[in-house]
Amino acid sequence: MRQNPNHRLLGQTCIVTGASSGIGKEVALAMGRDCANVVVNYITDAEAAEEVAHQIEINDSIAKAIAVKADVSKEDQVQAMFQTAKQHFGTVDILVNNAGLQRDAEFHEMTLAQWQFVLDVNLTGQFLCSREAVREYLRRGKVDYSCALGKIICMSSVHEVIPWAGHVNYAASKGGVMLLMKSMAQELGPKGIRVNSIAPGAIQTPINRDAWETPEALNDLMKLIPYKRIGQPADIGAVAVWLATDESDYIHGTTLFVDGGMTLYPGFTTNG
Ligand code: BGC
């Protein structure tokens with residue numbers, strides 16, 4: 001992975017939701033390495049979020065970062081987070097809708113609370129944050145340091161297309177993210193706002209610990225990944241930064257699958 005500081009996002013401000021751990025943390029660090037100011041959003045672990053913000057300022061002498069607590073599923077908290085971001089950095093240029101979680105259960109045992117919690121955070125959270133970002137992009141108007149008026153990157157999943165038994169709430173939320181993203185892209189493209197998704201496959205983070213922490217589990221997981229390695233958060237960080245830069249300016253309304261080929265249906269390699 002590229003380590004050297006670059007300047008592709010100099011002068012831009014990025015909000016990364018759910019950035020105290022996992023993929024969000026790495027996306028925040030990668031944005032900072034490219035000189036973006038970063039709002040490190042978190043919900044529970046203030047210390048970890050402060051540490052990410054601190055790391056960003058150590059890694060790059062230009063980038064500034066603040067940790068901001070907000071539950072992305074609560075309208076008032078999302079609005080307060082954007083207010084804080086604007087007070088500190090003047091405006092927002094990039095939103096990474098990363099916050100997401102799983103509450104797995106067999107279908108017949110899934111509670112309404114498990115269903116609702118996952119939909120609230122993974123889907124409604126992306127709606128609320130995107131809406132605030134769009135309001136700010138429209139208010140602020142065109143800038144000279146970015147082709148787009150503003151950028152939105154939705155963290156989806158391979159499960160926006162791969163059904164997932166035992167995880168119907170999660171798969172439904174990511175299927176929802178797919179059409180949320182595409183519909184926003186269709187509506188907001190004419191206003192100059194660029195909207196895309198990243199669909200990670202199996203990335204080694206706490207959310208899927210069960211899938212990689214024993215050699216047996218990892219071996220099973222490899223059957224689903226043609227490229228034969230588990231993904232790392234940095235694999236996603238690099239793509240997120242690129243999707244935020246002008247290098248990808250003509251990519252709009254697309255989901256980039258970053259999954260080692262998981263969506264190639266490897267089960268069909270020797271079957272079907
Ligand atoms: C899930 C992980 C899972 C991966 C591949 C992700 O969206 O959060 O738990 O390992 O998809 O199935």
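For the single chain, residues carry numbers from 1 onward in sequence order. We count ligands from 1, going down the list as the structure has it; atoms in each ligand are counted the same way.
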Open item on the list: Does the plane of the ring in Trp164 sit parallel, tilted or perpendicular to the ring in His167? Use 30° and 60° as the thresholds.
Closed with: parallel
Open item on the list: Whether Arg33 and Glu26 form a salt bridge (side-chain N of Lys/Arg under 4.0 Å from carboxylate O of Asp/Glu) is what I want to check.
Closed with: yes
Open item on the list: Among all protein heavy atoms in this structure, tell me which lies nearest to atom 6 (C) of ligand 1, with the distance rounded to 0.1 Å.
Closed with: Tyr170 OH, 3.6 Å
Task: Nearest non-hydrogen protein atom, atom 4 (C) of ligand 1 - done: Gly201 O, 3.5 Å
- [ ] Just need the protein heavy atom nearest to atom 9 (O) of ligand 1, so name the residue and atom and give the distance.
- [x] Gln102 OE1, 2.6 Å
Open item on the list: Is any side-chain heavy atom of Met31 closer than 4.5 Å to one of Val96?
Closed with: yes
Open item on the list: List ligand 1 atoms under 4.0 Å from Ser157, heavy atoms only on the residue side.
Closed with: 6 (C), 7 (O), 11 (O)
Task: Residues Glu51 and Lys25 bridged, charged N to O under 4.0 Å - done: no
Open item on the list: Can you name the atoms of ligand 1, numbered from 1 with element, that are less than 4.0 Å from a heavy atom of Met262?
Closed with: 5 (C)
Open item on the list: Test your reading of the structure: does Trp164 have an N or O sitting under 3.5 Å from an N or O of ligand 1?
Closed with: no
- [ ] Name the closest protein heavy atom to atom 11 (O) of ligand 1, giving the residue it belongs to and the distance to 0.1 Å.
- [x] His159 CD2, 3.3 Å
- [ ] Compare all side-chain heavy atoms of Asp246 with those of Ser146 and state whether any distance is below 4.5 angstrom.
- [x] yes
Open item on the list: Would you say that Asp220 contacts Leu218 through its side chain, given a criterion of any heavy-atom pair below 4.5 Å between the two side chains?
Closed with: no
Task: Nearest-neighbour protein heavy atom for atom 10 (O) of ligand 1, which is reported as residue plus atom name and distance - done: Asn208 ND2, 3.2 Å
